[in-house]
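Below is one structure, written out as structure tokens; the observations come after it.
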Amino acid sequence: MLSHPVRQWHYLLEIARALASSLDLREVLQLILQSAAEILQGEIGLLAMRTRRGQLQVVATYGLSRQHLPRFRPLLDDIPYYRTEEGWHLSRRDILARLQLVAEATGLELRQVVALPLTVEDEFLGVIYIFRTSERPFTVEEEYLLHTFADHAAIAMRNAQLYTALQLERNRLEAIIENSADGIMILDADCRVEVINKTLSRMTGWPTEKARGKPGNAVLHLENATGQEPCERLDQGDIPKEPMHREGDIIRPGHRRITVEVTYTPIFDEHGELQYIIVNVNDITRFREAEEMKSTFISVISHELKTPVALIKGYAATLRREDVRWDEETIREGLAIIEEEADRLTALIDNLLDASRIQAGGLTLKFEEVDLRQLIHAVADRFQAQTAAHTIVVDVPEDLPHVWADPERVRQVLSNLLSNAIKYSPDGGVVRVGAWAENEHVTVYVADQGIGIPEEELPYIFDRFYRVDSTLRRQTQGAGLGLYLARALVEAHGGRIWVHSKPGEGSTFFFTLPISTESGTQSVESEVRWEEQGPAPS
């Protein structure tokens with residue numbers, strides 16, 4: 001049988017090993033409590049840890065069944081611990097008085113107790129109790145021996161607290177990085193990716209796992225970039241000391257260009273050695289597009305205004321020449337062109353005003369019951385009279401229910417869609433206009449056999465001043481407001497608008513309007529308060 005000092009050394013060695021190898025706090029504390037109870041020949045043991053709210057919570061027991069545990073609360077609630085210059089202490093007299101209450105409540109013959117606070121660096125972390133059912137009191141030597149076990153328990157608690165705090169901080173940092181709206185990448189000293197968040201993964205198309213370990217400039221490859229790339233400087237032996245800034249485009253086949261602003265921030269250790277480079281990637285596409293939109297607006301509007309004005313002025317100047325006598329047919333043709341260009345100029349100005357009113361929330365709709373079938377036929381007939389190369393086919397059932405809408409604004413939506421269908425079908429063909437009722441809405445469609453729309457451009461065709469990039473676009477008139485207004489007006493009616501299209505196979509635009517349930521009701525005015533949002537449903 002081992003001697004008392006040898007057993008003590010054996011226990012402490014096992015505890016030291018557990019502290020060094022195990023991250024399970026309860027397992028370590030259970031070993032400490034069991035060892036203390038056995039070396040001190042105690043029948044029952046209790047170890048409690050102080051929670052964040054200052055309460056004591058039992059984390060390890062010895063020789064005690066769970067049914068008795070609640071009855072030990074007198075030794076845990078508001079225990080009389082106090083602090084002196086020598087450290088933390090427990091009032092022995094008060095502990096013995098509380099022990100009597102616990103013994104009566106549990107029916108256990110608890111006659112002796114030794115209790116020590118668990119402290120590290122003057123911080124009270126918990127308490128350890130060892131109980132005896134015999135009358136033999138704990139000696140000063142035994143109490144001093146318990147100090148050793150208490151110190152080990154306090155160290156285990158502090159390590160657990162530090163580990164938990166470290167994990168919480170790490171999880172918080174990972175959550176911030178992963179859920180940041182900006183792209184974030186962390187590079188090691190060799191400029192290889194250690195961390196990439198989901199925002200940047202989405203921008204670049206690099207999955208997180210595949211990006212790790214890859215060169216940073218391969219994962220974040222910028223076209224049309226301004227400024228030097230820090231990894232290139234590192235390859236040349238030039239370590240950047242200050243944050244570096246770049247701008248450029250992320251271009252992926254089949255995806256829209258993303259313009260980004262990138263900040264590279266080097267992080268050094270206390271010896272001045274480069275440890276990491278934090279890469280912050282901010283998507284500035286919308287700001288760049290806003291600048292381009294302003295430029296496009298000025299360019300497009302200038303061109304669209306100049307063309308009709310030039311024609312009107314040219315024909316007016318020609319007709320008023322005094323050295324030529326024009327016949328009536330020539331005069332009528334000239335005046336017809338002047339009238340047509342004036343109408344075109346008026347339509348452009350009206351579209352600009354409508355776009356402005358929509359943004360300001362001041363465009364008024366006058367709702368009433370509308371015979372949509374009659375309206376579709378009227379608009380189709382008007383456009384058929386203007387084109388010989390296209391055949392406009394109307395497919396509307398005779399029993400199509402009336403809709404609750406502003407007839408002039410619905411006419412405007414249909415006109416914009418039919419105008420586009422004809423404009424972007426340069427070889428002619430059939431343009432179909434139809435409608436059907438479903439549930440509480442009527443769905444209207446306009447289909448053409450024209451050039452179609454590339455898939456990557458579909459989400460943006462309803463944006464202001466946006467025009468599909470094609471040779472035909474550059475040959476056709478328009479300010480890119482028709483579909484923007486159509487979307488705004490349809491959504492103001494409580495409907496939605498979308499498109500199905502394939503290049504070379506034509507396009508089909510759909511929109512919905514609510515079926516009227518207000519037969520015979522007077523017209524109602526409503527203001528359009530519409531904000532530009534994401535792509536329309538498809």
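Everything numeric in this text was worked out from a predicted model, so none of it was measured. Counting begins at 1 with the first residue of the sequence.
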Self-check item: Closest non-hydrogen atom pair, P426 against I451
Solution: CD-CG2, 4.2 Å
Quiz item: Is it true that atom CZ of F383 has more than 12 heavy atoms of other residues, nucleotides or ligands lying nearer than 6.0 Å?
Solution: yes
Quiz item: Short question: side chain of T259, backbone of I284 - any donor-acceptor pair under 3.5 Å?
Solution: no
Quiz item: Ignoring hydrogens and geometry, is there a side-chain-to-backbone donor-acceptor pair from D406 to K366 under 3.5 Å?
Solution: yes
Quiz item: If you take all heavy atoms of C191 and I277, which pair is closest and at what distance?
Solution: SG-CD1, 4.0 Å
Exercise. Return yes if some donor-acceptor pair links the side-chain N/O of Q384 with the main-chain N/O of H390 below 3.5 Å, else return no.
Key: yes
Quiz item: Going by atom types only, do T263 and R246 share a side-chain donor-acceptor pair under 3.5 Å?
Solution: no
Exercise. Indicate whether the side chain of E369 and that of S516 have a donor and an acceptor atom separated by less than 3.5 Å.
Key: yes
Practice problem: Could you check whether the rings of F510 and Y445 sit parallel, tilted or perpendicular, using 30° and 60° as the cut-offs? | Solution: tilted
Quiz item: Ignoring hydrogens and geometry, is there a side-chain-to-backbone donor-acceptor pair from W326 to T318 under 3.5 Å?
Solution: yes
Quiz item: So, do V219 and M185 sit near enough that their side-chain heavy atoms are less than 4.5 Å apart?
Solution: yes
Self-check item: Single hit among N217, I250, D249 for side-chain contact (heavy atoms from CB on, under 4.5 Å) with L222
Solution: I250
Exercise. Return yes if some donor-acceptor pair links the side-chain N/O of T512 with the main-chain N/O of G495 below 3.5 Å, else return no.
Key: no
Quiz prompt | Within-4.5 Å side-chain heavy-atom neighbours: F509 and S507 | solution = yes
Exercise. Scan side-chain atoms only and decide if T330 and D327 contain a donor-acceptor pair under the 3.5 Å cut-off.
Key: yes
Practice problem: Keeping the roles fixed (side chain from N197, backbone from I184), state whether a donor-acceptor pair exists under 3.5 Å. | Solution: yes
Practice problem: Can you see which heavy atom on L483 is nearest to which on F462, and at what distance? | Solution: O-CD2, 3.4 Å
Exercise. Measure the shortest side-chain to side-chain distance between V279 and V262 over non-hydrogen atoms and say whether it is less than 4.5 angstrom.
Key: yes
Quiz item: Distance only, no hydrogens: is a donor on one side chain within 3.5 Å (strictly under) of an acceptor on the other, for T508 and H500?
Solution: no
Quiz prompt | E242, CD atom: more than 12 neighbouring heavy atoms under 6.0 Å | solution = no
Quiz item: What do the steps show when you test H493 against F367 for ring-ring contact (aromatic ring centres under 6.0 Å, His included), and what is the final call?
Solution: CA-CA 9 Å; H493 281 82; F367 286 87; 5.2 Å; yes
Quiz item: Do you know the tightest heavy-atom contact between V193 and A211?
Solution: CB-O, 3.3 Å
Practice problem: For residues I258 and V260, determine if any side-chain heavy atom of one lies less than 4.5 Å from a side-chain heavy atom of the other. | Solution: yes
Quiz item: Do we see a donor-acceptor contact under 3.5 Å between the side chains of H221 and E223?
Solution: yes
Practice problem: I would like to know whether R252 and T204 meet side chain to side chain donor-acceptor pair (under 3.5 Å); could you show each step before the answer? | Solution: CA-CA 8 Å; R252 297 165 55 201; T204 61; over 6 Å; no
Practice problem: Determine, for D190 against R192, whether the closest basic-nitrogen to carboxylate-oxygen distance falls under 4.0 angstrom. | Solution: no
Quiz item: Are any side-chain N or O atoms of Q275 and backbone N or O atoms of F268, one a donor and one an acceptor, separated by less than 3.5 Å?
Solution: no
Quiz item: Does the N439 side chain pair with the main chain of H441, one donor and one acceptor, at a distance under 3.5 Å?
Solution: no
Self-check item: Between S180 and D182, a side-chain donor and acceptor under 3.5 Å
Solution: no
Exercise. Of all the heavy-atom pairs spanning A421 and D448, show the shortest one and how long it is.
Key: CA-OD2, 3.6 Å
Self-check item: Close side-chain approach of V499 and I461, heavy atoms under 4.5 Å
Solution: yes
